[in-house]
Amino acid sequence: MKTVAELNAARAAALKKVVLRKSEEVLAKEVTSDYKYTVLVCGGTGCTSSHSPEIVEKLKEEVKAQGIEKDVQIIMTGCFGLCALGPIMIVYPEGCFYSMVNIDEIPTIVKSHLVEGNPVKKMLYDETVAADGTILSLNDTDFYKKQIRVALRNCGVIDPEDIDEYYAVDGYAALAKVLTEYTPDQVIQTVIDSGLRGRGGGGFPTGRKWALCAPNKAPQKYVVCNADEGDPGAFMDRSVLEGDPHCLIEAMAIAGYAIGANQGYVYVRAEYPIAVNRLQKAIDDARAAGILGKNIFGSGFDFNLDIRLGAGAFVCGEETALMTSIEGNRGEPRPRPPYPAVKGLFGCPTVENNVETFANIPQIILRGADWFASMGTEKSKGTKVFALGGKIKHTGLVEIPMGTTLDEIINEIGGGIPNGKKFKAAQTGGPSGGCIPANLIGTEVDYDNLVSIGCMMGSGGLIVMDEDSCMVDMAKFFLEFTVDESCGKCTPCRVGTKRLLELLDKITQGNGTLEDIDKLEELCNYIKANSLCGLGQTAPNPVLATLKFFREEYIAHVVDKVCPAGVCKGLINYVIDADKCIGCGKCAKQCPADAISKTDYVAPGHKLPSLTIDTTKCVKCGACMSGCKFGAISKK
């Protein structure tokens, strides 16, 4: 792509591929599609694990058998967001949303919908079919109607492996604009004015970070993307890489122009094979098109991009540890200052942002800083992507304006708590974050509000817990993760987190004391104050947050020797109600420890002796209770 004119010509030609899709981002009324139908199948990791590639192959087979290949375009996209309903398929121009698609259903869908023009309503997502049979837009469902997709704008819309489709949705137009119309300082000022803050967890203003790096004179500068997404349950960055990899390339090139860097690196975990493969193809295609390399768009600006694979170390999500790993060394954090903007990768000035942060940049350039700043709150502008998981109906990926309440996220967008259970807490920020209790469900989610209640945004993982969750056990779960992931460089993190875990183990086993709770709090504050990097400094957050909001659960564990949620095995005993037990013996057959035996007691109205559990043998697996149809077994 030698010139901007050639880019515009490529975009005009590519519009025919995407015009059927019902999105204001891609709809061009003056362009006629070459196809009657476009079928989009989710090719994100979740749906791929549910055999969406096989669904694509079956679609192609059936379309060919029906002789309609020229009328139907079949594309594998990135994540649509509603991961709980995968595999997912959308048929345009109607926008029919088929959920939980089974490969055996494909012949029916092809014949009825693509040949005869009759969507198979019984196979559509129920919320997209009105009571009168009218097919509704996916954007009218509870899950989508409050979302504003900026970082995710192209995910589930375009073919991530086709650079032409990216052209058609204004791809690389922002890069062309800055290279032909903006000075580097103007680019930085635009990002500053937008109010964009880093989406990786800390929330540092992106434009300020770029502005700190730009004036530093050096023969070499770097742009680094942190795609080492390590929080349990988080998959925001992975989904952008899988669904819109060219967006990241464009944004990193813009950042390179702004700070005077000609080389970028994307540090992505090797456990993301789909993301890595699609990103590599996008880089190769962009390089072949002249969008990466020398003299981009005839501007005199050079920029190249390479991938570096991480081995899955959580600590490498910290920017200095990440850069140390790219350099070929063991991933360990470095003391700051000097900050990476002054001395970063290979000792050179470096800007580092995560995938979601970069994904906002092209739209900020094209639509303007004021457009982006019009969304969100006073100090937290724009939107935020969250990975919803845990005890919630609609697990998946959502992008909402900053300032949306936790109540809206969980009960409206997420569909609420399944099985009639009550909401108890939400963990934000993964192992580095804290929990928001039910009485604060009205909290507006942004950087400052979460910090004010002892939590943090983190990269965007949001784990929902119901009344059956033990908050002491939850803190222990995240701390176990942190202990495993500590690099060991500094003593407060290496040793301190282990001592914290030992105290939590003691409490959950029923051996804790009130003094142990005081020790927990004291040790947490010491680790926060003295650890070298963000991993250690934030490791105590889940413990401190649960102590703050659920201290009574800790007290119940150490004083009453009871786990109120019935989760901690060391504090659970399974008992059989002799009057309810009919003596069928099913529980005894399921017991792996041979802990259940008959008694001499026969309950009134029953023919067989009831059974009892030997608590000294019981391994507390719960198989007996789950298998009893008569409700005769309970926890105590």
Side-chain angles (χ1 to χ4, degrees), residues 18-27 33 35-44 46-47 50-52 55-56 58-59 62 72-149 152-158 239 243 386 388 392-400 404 408-416 418:
V18 300
V19 68
L20 284 182
R21 298 165 217 178
K22 298 287 186 178
S23 166
E24 63 175 293
E25 304 293 343
V26 299
L27 187 60
S33 176
Y35 303 95
K36 184 177 179 180
Y37 293 105
T38 293
V39 183
L40 304 181
V41 180
C42 175
C47 285
S50 300
H51 308 294
S52 62
I55 288 172
V56 169
K58 186 64 173 177
L59 274 169
E62 290 296 320
V72 180
Q73 180 188 34
I74 301 170
I75 291 172
M76 183 169 279
T77 71
C79 180
F80 289 81
L82 253 175
C83 303
L85 299 179
I88 290 169
M89 183 172 81
I90 298 183
V91 179
Y92 290 104
E94 300 95 338
C96 293
F97 186 82
Y98 291 95
S99 61
M100 296 184 179
V101 179
N102 189 299
I103 196 165
D104 296 331
E105 298 170 342
I106 298 301
T108 301
I109 294 172
V110 170
K111 187 174 187 301
S112 179
H113 193 157
L114 304 184
V115 176
E116 299 171 359
N118 299 314
V120 188
K121 293 182 181 179
K122 66 179 181 180
M123 296 180 186
L124 298 177
Y125 176 40
D126 54 8
E127 287 192 26
T128 63
V129 182
D132 62 0
T134 303
I135 297 174
L136 305 175
S137 166
L138 194 59
N139 291 328
D140 293 328
T141 64
D142 290 337
F143 184 79
Y144 283 100
K145 64 186 178 184
K146 288 198 171 184
Q147 294 192 47
I148 299 177
R149 292 164 78 87
L152 300 178
R153 61 184 290 269
N154 293 326
C155 294
V157 175
I158 65 171
S239 295
F386 288 97
L388 291 181
I392 192 165
K393 181 180 178 182
H394 294 148
T395 58
L397 206 63
V398 302
E399 185 172 3
I400 51 173
T404 302
E408 291 175 284
I409 297 171
I410 292 173
N411 291 318
E412 296 182 33
I413 298 171

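As the structure is a prediction and not an experimental result, all values here were calculated from the model.
Across Thr128, Val39, Thr38, Leu138, a single residue satisfies side chain to side chain contact (heavy atoms under 4.5 Å, CB included) together with Ile90, and that is Leu138.
In this structure, Leu85 CG and Lys393 NZ are separated by 9.0 Å, a value rounded to the nearest 0.5 Å. Between the CD1 atom of Ile103 and the CD1 atom of Ile106 there is a distance of 7.0 Å, given to the nearest 0.5 Å. Residue Ile75 holds its CD1 atom at 13.5 Å from SG of Cys42, rounded to the nearest 0.5 Å. Once rounded to the nearest 0.5 Å, the distance linking CG of Leu152 with SG of Cys79 reads 8.0 Å. To the nearest 0.5 Å, atom CD1 of residue Ile400 and atom CD1 of residue Ile413 are 5.0 Å apart. Between Ser239 atom OG and Leu397 atom CG the span is 4.5 Å, to the nearest 0.5 Å.
Using a 4.5 Å cut-off on side-chain heavy atoms (C-beta onward), Leu59 and Val110 make contact. A heavy-atom distance below 4.5 Å is found between the side chains of Pro93 and Tyr37. Side-chain contact between Val101 and Met123: absent, with no pair of heavy atoms (C-beta onward) separated by less than 4.5 Å. Inter-residue side-chain proximity for Arg21 and Leu40 is flagged as met; some heavy-atom pair is nearer than 4.5 Å. Taking the side chain as every heavy atom from C-beta outward, Ile109 and Met89 approach each other to under 4.5 Å.
In terms of modelled atom types and a separation under 3.5 Å, the side chain of Lys121 and the main chain of Gly133 share a donor-acceptor contact. With hydrogens and angles disregarded, no donor-acceptor distance shorter than 3.5 Å links the side chain of Glu399 to the backbone of Gln147. With hydrogens and angles ignored, the 3.5 Å screen pairs no side-chain donor or acceptor of Ser52 with any backbone N or O of Gly43.
Residues satisfying the side-chain contact (heavy atoms from CB on, under 4.5 Å) criterion with Pro418, sequence neighbours excluded, are absent altogether. Scored by the ring-ring contact (aromatic ring centres under 6.0 Å, His included) test, Tyr125 finds Phe97 as partners (sequence neighbours excluded). Residues meeting the side-chain contact (heavy atoms from CB on, under 4.5 Å) test with Val129, sequence neighbours left out: Leu124. In this structure, the side-chain contact (heavy atoms from CB on, under 4.5 Å) partners of Tyr35, at least two apart in sequence or on a different chain, are Leu20, Ser33, Gln73. Checked against salt bridge (charged side-chain N to carboxylate O under 4.0 Å, His left out), Lys111 has the following partners two or more places apart in sequence or in another chain: Glu116. Listed by chain and residue number, Asp142 satisfy the side-chain contact (heavy atoms from CB on, under 4.5 Å) test with Lys145 (two or more places apart in sequence, or in another chain). Scored by the ring-ring contact (aromatic ring centres under 6.0 Å, His included) test, Phe143 finds His394 as partners (sequence neighbours excluded). Residues that satisfy the side-chain hydrogen bond (donor to acceptor under 3.5 Å, both in side chains) test with Asp132, not counting sequence neighbours, are Thr134. Evaluation of the salt bridge (charged side-chain N to carboxylate O under 4.0 Å, His left out) rule for Lys58 yields Glu61, Glu62 as partners, not counting sequence neighbours. Scanning for salt bridge (charged side-chain N to carboxylate O under 4.0 Å, His left out) contacts around Glu127 gives an empty result, with sequence neighbours left out.
Taking every heavy atom of both residues into account, Gly243 and Ile158 meet most closely at O-CG1, 4.1 Å. Among all heavy-atom pairs drawn from Phe80 and Tyr144, the shortest one is O-OH, 2.7 Å.
The list of side chain to side chain donor-acceptor pair (under 3.5 Å) pairs with a residue in residues 95-108, not counting sequence neighbours, reads Tyr98-His113.
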